Amino acid sequence: MATFEKGILGGFSGKVGNVVGARWRGKNIMRSVPQRGNYTPTEKQEEQRLKFKTVIGFLNPIVDVLNLYFGKPQGDKSRSNLATSYHLKNAVVSIPGGMEMDYAKVLISKGDLRGLDNGTLAAAAGQTLNFGWQDNSGQGKATATDTFMVVVYEPELNLFYTNLDAATRDATTATITLPDFMAGSEVQVWASFNKAEANFAAISTYMGAVTVL
């Protein structure tokens with residue numbers, strides 16, 4: 001890049017041949033048009049692109065949940081930004097032919113609220129899932145009225161079901177009914193507790209995979 005005050009034609013703005021002219025910080029500048037070569041990403045760069053594509057594709061449908069309950073915003077990083085960063089580092093793995101999510105390491109919420117103790121999951125007729133847990137109200141910041149929340153993922157269809165208000169902590173059980181299209185599918189399930197009025201939640205628990213009846 002070159003700067004100049006006066007030339008044969010004076011300062012100019014725009015492109016002339018392979019030269020671009022502009023006014024920048026009070027000075028006339030000229031620079032050459034960047035050459036477009038045949039760029040081939042390295043194996044490491046291609047791997048990172050695939051990781052990012054896999055994570056974004058997985059998280060996008062539940063971004064509203066993440067923006068409510070994934071930690072606390074840090075500077076210009078939103079909760080969903082933090083969720084993306086976490087999953088890129090911890091919850092995506094390389095497989096032959098591409099990348100996939102490590103469901104056991106996926107988090108749908110993150111925070112200092114007390115999470116599930118002795119959580120259980122069982123499928124029942126009519127696309128229902130039955131959950132159970134121990135009432136640990138009074139431990140840490142947990143209260144009886146904390147809300148039990150569930151996220152269910154159907155990998156073959158890449159579709160989610162969410163219920164952010166399934167029961168209260170002191171209920172110790174909850175039953176949810178999944179959409180008809182999930183019948184017969186193996187789904188991945190996560191559960192957590194939240195305080196909706198404060199956008200405050202626990203670190204979610206991976207409940208495992210279950211076949212919907």
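Since the model is a prediction, treat every value here as computed from it, not as a measurement.
The minimum heavy-atom distance between Arg79 and Gly71, with the atom names listed, is NE-O, 2.8 Å. Scanning all heavy atoms of the two residues, the minimum distance from Val151 to Phe160 falls at CG1-CD2, 3.6 Å. Closest of all the heavy-atom pairs between Ala104 and Tyr206 is CA-CD2, 3.5 Å. Nearest heavy atom pair, residue Ser94 against residue Met99, reads CA-SD, 3.6 Å. Of all heavy-atom pairs spanning Met149 and Ser109, the tightest one is CE-CB, 4.5 Å. For the residue pair Tyr69 and Ala196, the shortest heavy atom distance occurs at OH-CA, 3.3 Å.
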Run the numbers on Ser185 and Glu154 for side chain to side chain donor-acceptor pair (under 3.5 Å), then give the verdict. CA-CA 7 Å; Ser185 299; Glu154 210 288 26; 2.9 Å; yes

Go through the steps for Thr168 and Asp146 under the test side-chain contact (heavy atoms from CB on, under 4.5 Å), then give the verdict. CA-CA 5 Å; Thr168 53; Asp146 293 340; over 6 Å; no

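Atom CG of Leu66 and atom CD1 of Ile108 lie 8.0 Å apart (nearest 0.5 Å). Going from atom CG of Leu68 over to atom CG of Asn199 covers 5.5 Å, rounded to the nearest 0.5 Å. Rounded to the nearest 0.5 angstrom, Gln45 CD and Glu47 CD are separated by 11.5 Å. Here Leu59 contributes atom CG and Ser80 contributes atom OG; the two are 9.0 Å apart, rounded to the nearest 0.5 Å. Note: Ile62 CD1 to Phe70 CZ = 9.5 Å, rounded to the nearest 0.5 Å. Summarising the geometry, atom OG1 belonging to Thr162 is positioned 8.5 Å from atom CG belonging to Asp64; distances are rounded to the nearest 0.5 Å.
Scored by the side chain to side chain donor-acceptor pair (under 3.5 Å) test, Asp117 finds Arg114, Asn136 as partners (sequence neighbours excluded). With sequence neighbours excluded, no residue forms a side chain to side chain donor-acceptor pair (under 3.5 Å) with Tyr86.
Contacts classified as ring-ring contact (aromatic ring centres under 6.0 Å, His included) and involving residues 108-129 (residues at least two apart or in different chains) are not found.
Applying the 4.5 Å side-chain rule to ILVMFWY residues, one finds Leu113, Leu116, Leu121, Leu129, Phe131, Phe148, Val150, Val152, Leu157, Leu159, Tyr161, Ile176, Leu178, Phe181, Met182, Val187, Val189, Phe193, Phe200, Met207, Val210, Val212 in the same cluster as Trp133. Other cluster members for Val63: none, since no ILVMFWY side-chain heavy atom sits under 4.5 Å from it.
Residues His87 and Val106 have side chains in contact (heavy-atom distance under 4.5 Å, counting atoms from C-beta outward). Within the 4.5 Å cutoff, the side chain of Gln127 has no heavy atoms near those of the Leu213 side chain.
Using modelled atom types and a 3.5 Å distance limit, the side chains of Glu186 and Thr211 yield no donor-acceptor pair. Counting only N and O atoms by type, the side chains of Asp135 and Thr172 include no donor and acceptor under 3.5 Å apart. For the residue pair Thr84/Asn81, the side-chain donor-acceptor check at 3.5 Å is not satisfied. Counted by atom type alone, Ser204 and Ser192 present zero donor-acceptor pairs between their side chains at under 3.5 Å. The closest side-chain donor-acceptor pair between Asn130 and Thr175 falls under 3.5 angstrom. For the residue pair Lys195/Thr143, the side-chain donor-acceptor check at 3.5 Å is satisfied.
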Identify every side-chain donor-acceptor pair in residues 51-58 under 3.5 Å, counting partners at least two apart or on other chains, and give the distances.
from: Thr54; atom 1: OG1; to: Leu50; atom 2: O; distance (Å): 2.8

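Heavy atoms of other residues, nucleotides or ligands lying less than 6.0 angstrom from CD of Glu43 number 12 at most.
Remark: side-chain polar atoms of Thr120 are paired, donor with acceptor, to backbone N or O of Gly132 under 3.5 angstrom.
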